[in-house]
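Notes follow once the structure below has been shown.
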Amino acid sequence: MQTSAPETHTDLRDALRALCAQFPPEYHRDFGEDDAYPVEFVDALTREGWLAAMIPEEYGGSGLGLTEASIIMEEVNRCGGNAGHCHGQMYNMGTLLRHGSDAQKQQYLPGIASGDLRLQSMAVTEPTTGTDTTKLKTTAVKKGDRYVINGQKVWISRIQHSDLMILLARTTPLSEVKKKSQGLSIFMVDLKDAIGNGMEVRPIANMPNHETNEVFFDNLEIPAENLIGTEGRGFYHILDGLNAERTLIAAECIGDGYWFVDKARAYAGERVVFDRPIGQNQGVQFPIAKAYVNVEAANLMRFEACRRFDAGQDCGAQANMAKLLAADASWEAGNACIQTHGGFGFAREYDVERKFREARLYQVAPISTNLILSYVGEHILGMPRSF
């Protein structure tokens with residue numbers, strides 16, 4: 001497929017594509033149909049160091065920027081995989097890297113970089129508060145050299161394939177803080193010690209077969225030394241990692257968008273109806289072309305967000321807009337692809353329906369497109385707060 005501009009980082013892309021080629025479509029198809037997890041694929045990405053891209057070299061990582069990390073996530077999806085199985089390993093460590101003590105970074109980051117430790121899970125969302133994070137109800141009460149955790153989380157991904165989990169809990173009651181964003185703290189949870197000892201995990205079956213769970217805390221005790229950063233500042237510690245997360249998710253959506261366009265374009269050229277390829281008909285051709293245009297536009301915003309992040313500049317607006325544009329573009333491309341394939345678009349052997357289900361998730365997660373529009377309206381355009 002021709003692009004409007006030469007692809008960047010060709011060596012990086014070529015290496016990723018060579019690895020992904022070892023895992024054909026039928027391999028990924030299996031993990032879209034049952035509760036299995038692509039262990040071999042994630043192990044291969046880990047072994048080659050791709051998931052440690054943003055960890056500094058001093059801790060055993062590659063020391064690359066968000067630009068390179070986003071290309072890695074893009075290529076996984078562009079090659080037919082689903083980076084959602086493992087992307088947490090790439091960005092969850094950011095909270096530890098930016099706010100952890102030297103001792104904590106020395107304790108955890110080398111193992112995360114090598115893959116000996118998996119930090120794929122972050123527990124923030126709760127059933128009754130959703131994205132109203134400052135009102136979360138999970139509490140962490142300090143008792144001597146321990147914190148005692150009580151509460152509930154939901155939609156917490158990849159716990160069953162993680163060793164560690166970052167937890168956001170309230171350490172000061174909401175009624176006792178001046179601002180509702182205060183009094184929240186971040187903890188590192190050793191899942192091996194926690195599960196069955198005050199922490200219960202219940203898997204949630206879901207449409208894209210994304211490994212996610214409901215979590216219950218009943219007097220879970222964790223060492224006080226597992227506090228990351230400053231007690232009461234956890235909300236702000238979490239916030240500064242969201243731009244990276246949203247930009248990486250945008251890259252995954254862009255990868256999906258290119259996959260859909262390629263799949264639709266190829267099928268439209270091969271499928272003959274009424275003695276002509278269906279791609280000759282404008283009713284088929286134009287939706288695919290429009291989808292491609294929108295993926296390309298989202299791609300430009302993704303790289304602008306990456307450029308600003310890597311330069312240490314504020315990139316909140318660009319990260320949010322990239323995520324919105326990419327999620328919309330991949331969903332539009334998915335619709336064009338499934339419509340182009342007709343009935344075959346619903347057949348599992350074509351992989352379109354699997355990718356279609358996976359792409360739909362990002363209209364909702366990790367932040368819904370409506371909340372991004374609220375952010376743009378209030379913080380960029382200066383309009384009244386809408387919620």
Side-chain angles (χ1 to χ4, degrees), residues 55-56 58-60 88-89 91-114 116-126 129 133-154 156-160 162-201 213-242:
I55 297 177
E58 63 185 289
Y59 299 111
Q89 183 79 353
Y91 58 73
N92 282 341
M93 65 82 208
T95 300
L96 172 66
L97 178 63
R98 286 184 291 271
H99 302 289
S101 66
D102 288 340
Q104 288 172 330
K105 287 187 277 192
Q106 290 291 346
Q107 179 182 357
Y108 295 117
L109 286 176
I112 295 170
S114 68
D116 292 335
L117 290 175
R118 293 229 169 131
L119 175 57
Q120 296 215 79
S121 193
M122 180 179 290
V124 175
T125 306
E126 296 187 358
T129 56
T133 303
T134 57
K135 294 182 182 177
L136 61 78
K137 296 178 174 60
T138 297
T139 59
V141 178
K142 192 172 185 181
K143 294 185 178 180
D145 63 350
R146 318 285 286 180
Y147 280 92
V148 180
I149 314 296
N150 283 283
Q152 182 181 356
K153 299 289 183 178
V154 72
I156 311 306
S157 299
R158 298 170 297 276
I159 289 179
Q160 297 165 51
S162 293
D163 301 295
L164 303 168
M165 179 181 75
I166 287 178
L167 168 68
L168 184 66
R170 183 161 284 286
T171 44
T172 303
L174 190 59
S175 60
E176 297 179 16
V177 295
K178 294 181 179 179
K179 295 176 62 177
K180 62 182 182 178
S181 55
Q182 298 173 341
L184 295 166
S185 301
I186 295 177
F187 301 90
M188 183 71 79
V189 178
D190 186 320
L191 294 172
K192 175 173 54 64
D193 293 338
I195 295 174
N197 294 300
M199 177 177 169
E200 180 188 356
V201 179
N213 309 271
E214 192 169 16
V215 185
F216 300 86
F217 302 102
D218 183 10
N219 291 323
L220 169 67
E221 294 187 8
I222 59 175
E225 63 196 43
N226 284 27
L227 172 73
I228 297 176
T230 304
E231 182 176 299
R233 297 285 299 173
F235 181 74
Y236 305 101
H237 295 342
I238 287 283
L239 273 185
D240 69 11
L242 294 182

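Counting non-hydrogen atoms of other residues, nucleotides and ligands closer than 6.0 Å to NZ of Lys137 gives a total above 12.
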Open item on the list: Run the side-chain contact (heavy atoms from CB on, under 4.5 Å) test on Leu109 and Glu58 for me, step by step, so that the C-alpha distance in whole Å, both residues' side-chain angles and the decisive distance to 0.1 Å come before the verdict.
Closed with: CA-CA 9 Å; Leu109 286 176; Glu58 63 185 289; over 6 Å; no

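Contact record, Gly100 with Lys105: O-CE, 3.5 Å, taken as the closest heavy-atom pair. Nearest heavy-atom pair, Lys135 versus Thr129, reported as atom, atom and distance to 0.1 Å: O-CG2, 3.2 Å. Across all non-hydrogen atoms, the minimal contact from Leu164 to Tyr108 is CD1-CD2, 3.6 Å. For the pair Ser121 and Ser162, the tightest heavy-atom approach, listed with the atom from each and the gap, is N-OG, 3.7 Å. Across every non-hydrogen atom of Val124 and Leu136, the tightest pair is O-CD2, 4.2 Å. The two residues Gly241 and Arg98 make their nearest non-hydrogen contact at CA-NH2, 3.1 Å.
Put simply, the side chain of Phe217 does not reach to within 4.5 Å of the side chain of Glu200, judged on heavy atoms. Between Pro56 and Leu97, some side-chain heavy-atom pair lies under the 4.5 Å cut-off. Side chains of Met188 and Leu96 form a contact here, defined as non-hydrogen atoms less than 4.5 Å apart. Looking only at side-chain heavy atoms (C-beta outward), Leu227 and Tyr147 come within less than 4.5 Å of each other. Contact annotation: the side chain of Ile195 approaches that of Ile159 to within less than 4.5 Å [non-hydrogen atoms, C-beta and beyond]. Side-chain atoms of Lys179 and Thr134, non-hydrogen and from C-beta on, never get closer than 4.5 Å to each other. Taking 4.5 Å as the limit, some side-chain heavy atom of Ile55 sits within range of a side-chain heavy atom of Met93. Using a 4.5 Å heavy-atom cutoff, the side chains of Tyr236 and Gln182 are in contact.
Between the OG1 atom in Thr139 and the CG atom in Leu174 there is a gap of 13.0 Å [rounded to 0.5 Å]. Of the inter-residue distances, the one linking Ile222 atom CD1 with Asn197 atom CG reads 13.0 Å to the nearest 0.5 angstrom. A distance of 13.5 Å separates CZ of Arg170 from CD1 of Ile149, quoted to the nearest 0.5 Å. Summarising the geometry, atom OG1 belonging to Thr125 is positioned 12.0 Å from atom CD belonging to Glu214; distances are rounded to the nearest 0.5 Å. For the atom pair Thr95 OG1 and Leu239 CG, the distance stands at 10.0 Å (nearest 0.5 Å). Once rounded to the nearest 0.5 Å, the distance linking CG of Asp190 with CG of Asp163 reads 7.5 Å.
The backbone N or O of Leu168 lies less than 3.5 Å from a partner atom in the side chain of Lys153, making a donor-acceptor pair. Judged purely by atom type and a 3.5 angstrom limit, Gln89 uses its side chain to pair as donor or acceptor with the backbone of Leu117. Judged by distance alone, with hydrogens and angles left aside, the side-chain atoms of Arg146 form no donor-acceptor pair with the main-chain N or O of Val141 at under 3.5 Å. Looking only at distances, no side-chain donor or acceptor of Glu176 sits under 3.5 Å from a matching main-chain atom of Pro173. The backbone N or O of Ile238 lies less than 3.5 Å from no partner atom in the side chain of His99, so there is not a single donor-acceptor pair.
Side chains of Glu126 and Thr138: a donor-acceptor N/O pair is present below 3.5 angstrom, by distance only. Between the side chains of Thr171 and Ser185, at least one donor N or O sits under 3.5 Å from an acceptor N or O.
Remark: Asp116 pairs with Ser114 by the side chain to side chain donor-acceptor pair (under 3.5 Å) rule, at least two apart or across chains. Residues forming a salt bridge (charged side-chain N to carboxylate O under 4.0 Å, His left out) with Arg233 (at least two apart in sequence, or on another chain): none.
Evaluation of the side chain to side chain donor-acceptor pair (under 3.5 Å) test over residues 218-229, restricted to residues two or more places apart or in two chains, returns Asn150-Asn219.
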